[in-house]
Each structure stands twice: as structure tokens, then as C-alpha cells.
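So the structure is just underneath, and the comments pick up after that.
In each ligand, atom 1 is the first atom listed, and ligand 1 is the first ligand listed.
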Amino acid sequence: MAGIVASILDCDFTRLAEEVGAVDALVDRFQIDVMDGHFVPNLSFGFPIVRAMRTLTKKPLEADLMIANPDRYAAKYAEAGADYVIIHVEASQNPKQTFREIRDAGGRPGISLSPGTPAAAVFDYLDEVDMVLVMTVHPGFGGQGLMSGQLAVVEQIRDKLAEAGREIPIEVDGGIKPETARPAAAAGARLFVSGSFIFRSKDYERAIAALRESIQ
Ligand code: DX5
């Protein structure tokens with residue numbers, strides 16, 4: 001079952017409750033981009049936004065940790081209310097330990113990789129996580145164009161999961177809109193994160209309907 005994940009990075013934070021309320025019935029999950037200015041060249045938000053989002057929606061929340069020290073903070077994002085806590089394979093010193101800590105805190109772990117990181121970098125963790133996030137842009141900013149070379153990474157992970165008989169979703173994030181979501185779905189993605197295509201549109205319902213149509 002394919003799912004749409006609204007990334008709140010591009011929404012109007014002076015009206016967060018209204019923005020979330022406007023799409024809550026239309027999307028399958030929300031993603032919260034956590035950036036520390038070290039792992040990525042941007043700063044965003046932390047625990048207070050996760051706690052606020054937890055009061056605004058019952059939909060699953062993803063905390064996407066684009067931070068240099070995910071091992072130290074990951075479990076705390078589950079405690080703050082995130083259902084999924086996603087750590088970057090390039091940043092974690094001890095992913096398996098951190099996955100256990102996320103689960104102990106009531107969350108579900110995910111592993112993410114950036115452009116330039118080979119698919120094989122996450123193969124050892126596919127048994128330990130509940131989702132894999134393939135970044136289709138260099139993480140750090142919304143509104144970028146999808147890097148089509150990342151679809152080959154999606155295919156390699158899809159094939160590895162099939163070989164292992166492991167049924168967990170592959171998520172793509174960055175530059176997702178109908179014309180890019182369709183080939184990503186063909187490559188094996190099942191979750192589609194979208195920020196600017198939704199929150200910079202004049203008609204959220206129409207934008208999400210077009211996205212959903214493209215991934216069916
Ligand atoms: C970028 C973030 C994405 C971003 C997606 O590093 O991880 O979640 O919000 O935004 P769009 O859909 O605009 O590329």
C-alpha cells in the first residue's frame with residue numbers, strides 16, 4: 001500500500017495547527033525534519049515541535065534526524081512522540097544499539113542514506129529497521145529537484161529486501177511531485193515524502209490528489 005508523507009518543513013509555522021489540520025485527513029504520515037547545522041547546512045527544529053505535532057494529529061509521525069550525533073538523541077524523539085525515528089547511516093557510530101534504544105522508547109527505527117552513499121551501506125541493517133529512507137536530494141533544504149540517479153539505489157535496496165524476504169517500505173524524500181513520484185514507485189518506493197509540492201501549492205487537496213494518483 002503506497003503512502004503519502006507530508007513534510008512540514010515548508011508549511012507556515014505561524015499557523016502550524018491549521019496547516020496540519022488542512023492535510024491531516026489526506027495524508028498517511030507526517031515527517032519532521034530535524035537538522036543541526038552540522039550534518040546538514042541548515043537548522044530546523046527539535047523536541048518541542050514533535051510534542052506539538054503529537055497534539056495536532058493522530059497520524060504516524062516520522063522524526064527524520066539529519067544530525068551529526070543521532071545515537072545520543074534518537075530515543076528521546078520517540079519519547080517526545082515520534083512513531084518512527086530515522087537515523088542516517090553516515091552519522092551513526094552504533095546503529096544497531098540506537099535501533100534498540102528507539103524500540104525500548106516505544107518507537108520504530110528507520111535508516112536513511114544520502115546521495116553518494118552506496119545502497120550496500122544499509123544492507124546489514126535491513127533486519128533491524130521498519131523502513132528505509134532513500135534521500136533523493138542532498139538533505140538540508142526543501143524545494144530541490146529530484147536526483148534521478150537515486151532511483152537506482154531504491155532498486156538495489158528493493159532487490160536486497162526481496163532476496164531477504166523482508167517486507168518493509170522504502171521511502172523517498174526530496175523533489176517528490178507527481179512526475180517524479182511515478183518513476184520512484186516503479187523503482188520500488190512505497191512511501192513518498194513531499195514538502196514544497198504540497199505546502200507551496202494554492203490547493204493542498206488538489207496537490208495531494210495528484211500525488212496519490214501518480215503512485216497508484
Ligand atoms: C530535505 C528534507 C525533505 C524536504 C522535502 O532535506 O529532508 O523532507 O522537506 O521537501 P521537498 O518535497 O520540497 O523536496
Is D28 paired with R190 through a side-chain N to carboxylate O contact shorter than 4.0 Å?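 No.
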May I ask you to say whether K96 pairs ionically with D71, meaning some side-chain N is under 4.0 Å from a carboxylate O?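 Salt bridge between K96 and D71, a charged N being under 4.0 Å from a carboxylate O: no.
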Value rounded to 0.5 Å, distance of CD1 in I87 from CZ in F39: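 Rounded to the nearest 0.5 Å, the CD1-CZ separation comes out at 10.5 Å.
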Regarding S196 and D10, do their side chains bring together a donor and an acceptor under 3.5 Å, going by distance alone?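 No - no donor-acceptor pair under 3.5 Å links their side chains.
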If you measure only the distance, is there a donor-acceptor pair under 3.5 Å linking the side chains of T14 and D12? yes
Heavy atoms only: give me the nearest P139-P115 pair and the separation to one decimal.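 Answer, listing the atom of P139 first, then P115: CD-CD, 4.2 Å.
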Once you restrict both partners to nitrogen or oxygen, which atoms of ligand 1 have a protein partner under 3.5 Å, and how far apart are they?
| from | atom 1 | to | atom 2 | distance (Å) |
| --- | --- | --- | --- | --- |
| ligand 1 | 6 (O) | G140 | N | 2.7 |
| ligand 1 | 7 (O) | D33 | OD1 | 3.2 |
| ligand 1 | 7 (O) | D173 | OD2 | 3.2 |
| ligand 1 | 8 (O) | S7 | OG | 3.4 |
| ligand 1 | 8 (O) | Q31 | OE1 | 3.0 |
| ligand 1 | 8 (O) | D33 | OD1 | 3.2 |
| ligand 1 | 8 (O) | D33 | OD2 | 3.0 |
| ligand 1 | 8 (O) | D173 | OD1 | 2.8 |
| ligand 1 | 8 (O) | D173 | OD2 | 3.1 |
| ligand 1 | 9 (O) | S7 | OG | 2.8 |
| ligand 1 | 9 (O) | D33 | OD2 | 3.1 |
| ligand 1 | 12 (O) | G195 | N | 2.8 |
| ligand 1 | 13 (O) | G143 | N | 2.8 |
| ligand 1 | 13 (O) | S196 | N | 3.0 |
| ligand 1 | 13 (O) | S196 | OG | 2.5 |
| ligand 1 | 14 (O) | G175 | N | 2.8 |

